*Asks:* 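Starting off with a structure, shown below.
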Amino acid sequence: MRKLFFCVMLSILSLNMFAQDTKVIYCELVGTATLLGKVVVEIDMGESKGILSLNTSYIVDEKGKPRKFNSMVDAMNYMGENGW
């Protein structure tokens with residue numbers, strides 16, 4: 001009986017150790033082409049925006065200016081390299 005109890009308790013504890021409380025966050029990349037063939041990417045996280053809202057979430061460089069990518073795939077690779 002002790003062996004059975006020990007095995008059940010060990011099973012319950014091991015299941016609890018592997019359970020992770022992960023929060024999944026999705027975003028959408030919206031690209032706008034420039035005149036030089038580059039793409040400026042805005043990140044849409046699903047927040048509500050007002051009609052006159054100027055709060056856009058562009059991917060920016062170190063200087064705070066919108067970063068330009070060669071294509072949308074380039075932007076997705078950039079996001080993947082940075083943890084998305």
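These figures come from a predicted structure and were not determined experimentally.
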*Asks:* With rounding to the nearest 0.5 angstrom, report the NZ to CG distance, Lys68 to Leu36.
*Replies:* 7.5 Å
*Asks:* Which pairs of donor and acceptor atoms, one on a side chain in residues 72-84, lie under 3.5 Å apart (sequence neighbours left out)?
*Replies:*
from: Asp74; atom 1: OD2; to: Asn70; atom 2: N; distance (Å): 3.2
from: Asn77; atom 1: ND2; to: Val73; atom 2: O; distance (Å): 3.4
from: Asn82; atom 1: ND2; to: Tyr78; atom 2: O; distance (Å): 2.8

*Asks:* Nearest 0.5 Å, please: how far is OG in Ser57 from CE in Met45?
*Replies:* 8.0 Å
*Asks:* State which residues pass side chain to side chain contact (heavy atoms under 4.5 Å, CB included) with Glu62; sequence neighbours excluded, sorted by chain then number.
*Replies:* none
*Asks:* How many angstroms lie between atom CD1 of Ile59 and atom CZ of Arg67, to the nearest 0.5 angstrom?
*Replies:* 8.0 Å
*Asks:* Do Tyr58 and Val40 pass the side chain to side chain contact (heavy atoms under 4.5 Å, CB included) test, and can you show the C-alpha distance, the side-chain angles, and the key distance before you say yes or no?
*Replies:* CA-CA 8 Å; Tyr58 289 106; Val40 177; 3.7 Å; yes
*Asks:* Would you say that Leu29 contacts Ile43 through its side chain, given a criterion of any heavy-atom pair below 4.5 Å between the two side chains?
*Replies:* yes
